[in-house]
Amino acid sequence: MNFDDLPPLRDVIASHDLGAKKSFGQHFLLDLNLTAKIARLAGDMSQDQAIEVGPGPGGLTRAILAEGAASLLAVEMDARFLGALGEINTASGGRLTIKQADALDVDETTLLTEPGDKVILSNLPYNVGTQLLIKWLRAEPIWWRRAVLMFQREVADRVVAQPGDKAYGRLAVIAQSRCEARLALKIPARAFTPPPKVESAVVVLNPLPEAQQFKDVTALERITASAFGQRRKTLRRSLAQAAGQAGTSADILLDAAGLDAGARAEVIDIAGFQTLARAWRRAYEASRA
Ligand code: SAM
């Protein structure tokens with residue numbers, strides 16, 4: 001069997017009774033030209049172990065395998081899809097492994113044990129997309145060579161935003177402190193079955209060279225949560241609580257980082273937040289010594 005012998009996805013959905021469930025954030029991509037376009041964003045996968053979160057009926061799954069991924073691990077929470085995915089495995093010559101699990105709970109590094117680079121592809125379930133991205137960004141070391149991820153357009157904008165943009169915030173600072181991020185494709189709601197309420201977009205993330213990756217993600221999360229949690233306030237005010245936690249004041253932290261205490265978070269660039277996170281960490285360690 002090969003992929004051309006597989007039934008159309010609409011027939012798979014009908015014959016396996018795979019109607020979309022809202023609780024699992026299910027919006028299916030049935031256009032195989034589009035799924036192929038998304039899979040190609042991963043580049044040459046012939047030596048790679050790919051992982052897909054939420055394969056559902058398997059549109060993107062088929063594309064990843066057809067594009068030549070050496071192997072693919074698909075993590076799906078909803079057991080209804082296992083039969084349809086098994087058929088794709090057969091068509092792929094056994095390159096697909098299916099794991100029924102919540103992707104938030106899996107430790108990918110213990111599952112992806114074959115040789116080769118790791119690449120993540122997913123039409124992410126909207127309800128856990130941001131949490132999964134943060135999990136993959138926190139990983140130390142970053143174990144994947146590229147991530148090709150579909151989000152709601154608004155979330156995609158937040159990942160790639162630059163200082164001064166309306167969407168600039170925690171997610172941009174954390175993502176771009178670890179990766180180079182670009183918005184690669186915008187996808188209209190009508191491309192999905194059933195269509196979601198909003199547009200979607202695919203973001204491609206390439207980890208920065210190791211020496212350029214900012215390592216203390218915990219400190220960066222603490223600082224950006226404070227700074228953007230009250231984004232209309234000056235940093236002197238918005239950082240007061242985070243500074244207090246480190247036994248210091250916002251003014252001292254901002255002075256150590258060479259930043260204007262009267263500025264707002266939205267104008268501070270990524271390097272500025274990294275300097276602040278380092279200053280926060282030093283103060284925090286000193287306060288506990
Ligand atoms: N990949 C398919 C496609 O593009 O047509 C389906 C994408 S749909 C947006 C999200 C998929 O993720 C669904 O199949 C859903 O069951 C699955 N899912 C939702 N939450 C999940 C979780 N926490 N872990 C693993 N899979 C999950």
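Read the numbers this way: they start at 1 and go in the same order the structure lists the ligands and their atoms. What you see is a predicted model; the values in this text were computed from it and never measured.
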**OP:** Could you verify whether a donor N or O on one side chain and an acceptor N or O on the other, from Glu52 and Thr61, lie under 3.5 Å apart?
**Re:** yes
Original post:
What residue and heavy atom of the protein are closest to atom 19 (C) of ligand 1, and at what distance?
Top reply: Phe24 O, 3.1 Å
Original post:
When you measure from atom 13 (C) of ligand 1 to every protein heavy atom, which one gives the shortest distance, and what is it?
Top reply: Gln26 CG, 3.5 Å
Original post:
What are the atoms of ligand 1, with element, lying closer than 4.0 Å to any heavy atom of Glu52?
Top reply: 1 (N)
**OP:** May I ask you to check whether over 12 heavy atoms, not counting those of Asp105, lie within 6.0 Å of atom CG?
**Re:** yes
Original post:
What is the closest protein heavy atom to atom 4 (O) of ligand 1, and at what distance does it sit?
Top reply: Asn123 ND2, 2.8 Å
Subject >> Close-contact set for ligand 1 against Asp102 heavy atoms, below 4.0 Å >> reply: 22 (C), 23 (N), 24 (N)
Original post:
Can a salt bridge be assigned to the pair Arg145 and Asp48 using a cut-off of 4.0 Å between side-chain N and carboxylate O?
Top reply: yes
**OP:** Note the single closest protein heavy atom to atom 12 (O) of ligand 1, along with its residue, its atom name and the distance in Å.
**Re:** Gly54 CA, 3.1 Å
Original post:
Relative to the ring of Phe228, is the ring of Tyr168 parallel (under 30°), tilted (30 to 60°) or perpendicular (over 60°)?
Top reply: perpendicular
Original post:
Of all the atoms in ligand 1, which lie at a distance below 4.0 Å from a heavy atom belonging to Pro55?
Top reply: 1 (N), 2 (C)
Original post:
Rounded to the nearest 0.5 Å, how far apart are CD1 of Ile88 and CG of Leu96?
Top reply: 7.0 Å
**OP:** Starting at CD of Glu108, measure out to CH2 of Trp143 and round the result to the nearest 0.5 Å.
**Re:** 4.0 Å
Original post:
More than 12 non-hydrogen atoms from neighbouring residues, nucleotides or ligands closer than 6.0 Å to CZ on Arg10, yes or no?
Top reply: no
Subject >> Ligand-residue contact atoms, ligand 1 with Ala103, heavy atoms, under 4.0 Å >> reply: 22 (C), 23 (N), 24 (N), 25 (C)
**OP:** For Phe28, take its heavy atoms, then give the atoms of ligand 1 lying under 4.0 Å from any of them.
**Re:** 5 (O), 6 (C)
**OP:** Report the part of Leu60 (side chain from C-beta onward, or backbone N, CA, C, O) that has a heavy atom under 4.0 Å from ligand 1; answer both or neither where that applies.
**Re:** neither
**OP:** Report, in ascending order of atom number, the atoms of ligand 1 lying under 4.0 Å from any heavy atom of Val75.
**Re:** 25 (C), 26 (N)
Subject >> Option set Pro125, Gly56, Gly25, criterion heavy-atom distance to atom 8 (S) of ligand 1, minimum >> reply: Gly25
Original post:
In the protein, what heavy atom is nearest to atom 5 (O) of ligand 1, and what distance, to one decimal place, separates them?
Top reply: Leu29 N, 2.8 Å
Subject >> Taking atom 26 (N) of ligand 1 as the reference point, the nearest protein heavy atom with its distance >> reply: Met77 N, 3.4 Å
Original post:
Ion pair present between Arg62 and Glu87, side-chain N to carboxylate O less than 4.0 angstrom?
Top reply: no
**OP:** Could you tell me the separation between the CG atom of Leu29 and the CD1 atom of Ile187, rounded to the nearest 0.5 Å?
**Re:** 6.0 Å
Original post:
Which ligand 1 atoms are under 4.0 Å away from a heavy-atom of His27?
Top reply: 7 (C), 8 (S), 9 (C)
Subject >> Expected output: side-chain Arg178 to main-chain Asn206 donor-acceptor under 3.5 Å >> reply: no
**OP:** Identify, by atom number and element, the atoms of ligand 1 in contact range of Asp78, meaning under 4.0 Å from any of its heavy atoms.
**Re:** 16 (O)
Subject >> Glu266 and Lys166 ion-paired at < 4.0 Å >> reply: no
**OP:** For atom 14 (O) of ligand 1, grab the closest protein heavy atom and report residue, atom and distance to one decimal in Å.
**Re:** Glu76 OE1, 2.8 Å
Original post:
Given that the side chain starts at C-beta and the backbone is N, CA, C, O, which of these parts of Ser122 lies under 4.0 Å from ligand 1, counting heavy atoms, or is it both or neither?
Top reply: neither
